[in-house]
Number of protein chains: 2
Amino acid sequence: MNATVADVAKKAGVSTMTVSRAINGGVGVRPETRRRVESAVAELDFVPNGVARGLMTRKTGTLGLIVPDIVNPFFTMVVRGAETVARRAGYRLLLCNSEADVSQEREYVEHMISHRVEGLLVAPSGDRSKANLSLLIRRKVPFVLIDRSVAGLKCDLVHSDGVTGSKRLINHLVSLGHRRIAVIIEADDVSTARERLQGYREALKAANLKFAPEAIIRTTADRAGGYEAMRQILELKQPSTAVFAVNNMTALGAMQALRERGLSVPSDIALVCFDDVEHLAVLSPFLTVVNQPTELFGAHAAQLLLDRISRDDGGRRRNIVLPTDLIVRGSCGAQKETTSSRVARRAAVAEPLRIR
Amino acid sequence: MNATVADVAKKAGVSTMTVSRAINGGVGVRPETRRRVESAVAELDFVPNGVARGLMTRKTGTLGLIVPDIVNPFFTMVVRGAETVARRAGYRLLLCNSEADVSQEREYVEHMISHRVEGLLVAPSGDRSKANLSLLIRRKVPFVLIDRSVAGLKCDLVHSDGVTGSKRLINHLVSLGHRRIAVIIEADDVSTARERLQGYREALKAANLKFAPEAIIRTTADRAGGYEAMRQILELKQPSTAVFAVNNMTALGAMQALRERGLSVPSDIALVCFDDVEHLAVLSPFLTVVNQPTELFGAHAAQLLLDRISRDDGGRRRNIVLPTDLIVRGSCGAQKETTSSRVARRAAVAEPLRIR
DNA sequence: TTGTAAGCGTTATCAC
DNA sequence: GTGATAACGCTTACAA
């Protein structure tokens, strides 16, 4: 049904090798021969079989990308950044949603090894992903970690400085007079959680504030987690005046819990988090956040991976730290809603549209 | 470096065929032989080469997915729905962002044909995608369209009824007293745009309202497009009291333009659109929208495709129409912001959290 | 510049 | 139940 090089060769009256040469740049093929091959290709509607080609060349033109949750806008942007860079380099992306589940991640890794992706971009579920990544090392499949490092594993990594970002957020809250700040955070298994918690601790210490273990709520880093965590925070004996949510999704869940109780932000409680959600910021610039250049996480990681694939010597391990950025908005009461400041905020908010 | 069936065969003292049988379910292999093979596999850390396998079996375990913009939450959810269904069936997804560009879409289609994906899910850029899809038909690659049909092309399709959805939105505006309703819509090349515009026209007619051609603003269906369109609407000689945006992204852009002018919704102008943005609705349930079960678009489409792949007879063409749902919120002034109604809205908004 | 032969790593086929 | 052989569709290596 699908034509093969042999069919093309027969029709053009040449050997399969000549066909192969002609369709791969055509160096060392007489122009006339080449034209003959080309018209045979057109006549037969021939498309080279990439699978067969991949078997010989060991080049599949495919990169793997594993993220814990593609619906989290942070990772959605990572995907876009990676896809763009990959496409420009002639690569395609095999997308996998691990749902932060190590065994699901494992399945994907095995499939990718088996199908000979040329390299892998991984936002790992956590430190327990180490076994999965070791598999890649053993099989010599190059990979780059995104957003999260994995304890005891040295490899290329694109991330940001969670300790500093965290401190910025806490210092901001402290400067506004907050003294009891609760944290919604995921398990210590995740490097970003560790860093952000560390930043929180250090910032408290620097401000001479007491560290209250019961104000640290451990949960999953999704909306449901944030929702549950906020409900627990509201039950705390010593009520908090502010909450630091580990990421955008938990912050949304927290907001939802607050609204159900008829509480509002920031008058009843302040709220800050990591990661801005662009769509959300456009409609209602409200949450004070530490923003990360999300798309660059994917773009840089893809570039690192492509580098490693092309200069396939081991190369030095590379570590890219992307900058974070404190964006102060209304969610911690930094701006009182007087008429004058409301006008000021409206003006501040009206940033010029960035056209891509 | 990587062990092959031959290596395993040698180590186990059997033929490659026996190895092949043993690792593929092991029917017709004596249990003892099988165990011997298995231990050889383990010792050599053997992983079958999926590329070679794919060459023989013509099964690559991969589906293609092309969307115009993965960052648009509508398509993000489509991706998740498709990924989930595909994974459960043992398939992986090759993700492509066409950026609504037919030639980019073309490249992807060719790559997928070449790499022998077993089928393709496509949210086409528009009617001009027809040539790309014809390519798939000629090569007998099964595919399913998502969200948009393509003029003159009969094939499996998962979509919703844009005419009806549109009418719901317009009727709602009309019922609130709006008489001049502008539309922000993309080119007629896109089937959803045609349907939504038709619904708009029919609804106006049914309400005995005059149809004003200058109130139809054509643009791209992204945030930048919505932004530009809203600026044009604000310049209209006969000002509109309401705006119908073709989708979530254009609505956000429109909001942005309004805010820059210091205008607010709904007191200065009403705004409605297609597609709810879940994250956004949680934080500020504000926009009145027609919602579509986004994740199901992907899930059903993937299922349709899998069906077509397994019963690889042609099968009847299938057309799934998913329901739309009018969600009335504050963006068209249905609810006046009196204290009592604000309380009512807050209560209405506090839906129970849907835990996935 | 072009062709021949072998091989990539697996499975289909058919024989034993 | 097991194995020899050919085949999948292409490219590498070498020869002409």
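Chain naming here is simple, since letters A, B, ... match the order of the sequence lines and numbering starts at 1 in each. Given the structure is predicted, the values throughout are model-derived calculations rather than measurements. These numbers come from the heavy atoms of this one structure, side chains and all, not from hydrogens, waters or symmetry mates.
Ranking D:dC8, D:dC10, D:dG3 by closeness to the B:Met56 side chain, first place goes to D:dC8. Looking at the side chain of B:Thr33, the nearest of the listed nucleotides C:dC8, D:dG9, D:dT2 is D:dT2.
Ionic pairing of B:Asp156 and B:Arg317 is not present here: no N-O contact between side-chain nitrogen and carboxylate oxygen is shorter than 4.0 angstrom. Taking the charged nitrogens against the carboxylate oxygens, B:Glu83 and B:Arg88 have no contact shorter than 4.0 Å, which rules out a salt bridge. The existence of a salt bridge linking B:Asp127 and B:Arg148 is excluded, since no basic side-chain nitrogen approaches an acidic carboxylate oxygen closer than 4.0 Å. We find that A:Asp307 and A:Arg318 are joined by a salt bridge, their nearest charged nitrogen and carboxylate oxygen being less than 4.0 Å apart. Using a 4.0 Å cut-off between charged side-chain N and carboxylate O, B:Arg87 and A:Glu99 make a salt bridge.
A straight line from CG of A:Leu55 to P of C:dT11 spans 12 Å, rounded to a whole angstrom. In this entry the distance linking NE2 of B:His115 with P of D:dC10 reads 12 Å, nearest Å. Rounding to whole angstrom units, CG of residue A:Asn2 and P of D:dG9 are separated by 8 Å. Atom-to-atom, CD1 of B:Ile113 to C1' of D:dG9 comes out at 17 Å; the value is rounded to the nearest Å. What separates NZ of B:Lys59 from P of D:dC8 is a distance of 17 Å, to the nearest Å. Rounded to whole Å, atom C1' of C:dT1 lies 12 Å from atom CD of A:Glu32. Atom CG in A:Asp7 sits roughly 11 Å away from atom P in D:dC8 (whole-Å rounding). What separates CD1 of A:Ile23 from C1' of D:dC10 is a distance of 8 Å, to the nearest Å.
At the heavy-atom level, B:Val51 lies nowhere under 4.0 Å from the strands shown. Residue A:Val29 is in sugar-phosphate contact alone, with no base atom involved, counting any heavy-atom pair closer than 4.0 Å across all strands shown.
Looking at which nucleotide of DNA chain D each of A:Arg53 and B:Pro31 is closest to, the 5′-most match is held by B:Pro31. For B:Arg58 and B:Arg34, each mapped to the nucleotide of DNA chain D holding its nearest heavy atom, the one lying further toward the 5' end belongs to B:Arg34.
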All N/O contacts under 3.5 Å from nucleotides 13-16 of chain D to the protein, with atom names and distances to one decimal?
none

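Phosphate contact (OP1/OP2 of C:dT10, side-chain N/O of B:Thr16, threshold under 4.0 Å): absent. The side chain of B:Arg116 places no N or O atom within less than 4.0 Å of a non-bridging phosphate oxygen (OP1 or OP2) of D:dG9. The side chain of B:Asn24 contributes an N or O atom lying less than 4.0 Å from OP1 or OP2 of C:dT11. Residue A:Ser20 places none of its side-chain N or O atoms closer than 4.0 Å to OP1 or OP2 of D:dC10. Taking side-chain N and O atoms only, A:Arg30 has no distance below 4.0 Å to OP1 or OP2 of C:dT1. The side chain of B:Ser15 places no N or O atom within less than 4.0 Å of a non-bridging phosphate oxygen (OP1 or OP2) of D:dA4. The side chain of A:Thr18 contributes an N or O atom lying less than 4.0 Å from OP1 or OP2 of C:dG3.
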- Are A:Asn49 and B:Arg58 close enough, and set up right, to give a side-chain hydrogen bond (donor to acceptor under 3.5 Å, both in side chains), and what steps lead you there? CA-CA 11 Å; A:Asn49 184 325; B:Arg58 286 132 194 286; over 6 Å; no
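The terminal axes of the helix from C:dT1-D:dA16 to C:dC16-D:dG1, fitted over 5 pairs per end, subtend an angle of 30° to the nearest 10°.
By the 4.5 Å heavy-atom criterion applied to side chains, B:Leu145 and B:Leu133 are counted as neighbours.
Residue B:Arg106 qualifies as enclosed at atom CZ: its count of foreign heavy atoms under 6.0 Å is above 12.
Counting only residues at least two apart or on different chains, the ring-ring contact (aromatic ring centres under 6.0 Å, His included) pairs with a member in residues 41-75 of chain A are A:Phe74-A:Phe297.
Counting only distance, with no hydrogens or angles, the side chain of A:Asn97 and the backbone of A:Ile70 share a donor-acceptor pair below 3.5 Å. The backbone N or O of A:Arg116 lies less than 3.5 Å from a partner atom in the side chain of A:Thr60, making a donor-acceptor pair.
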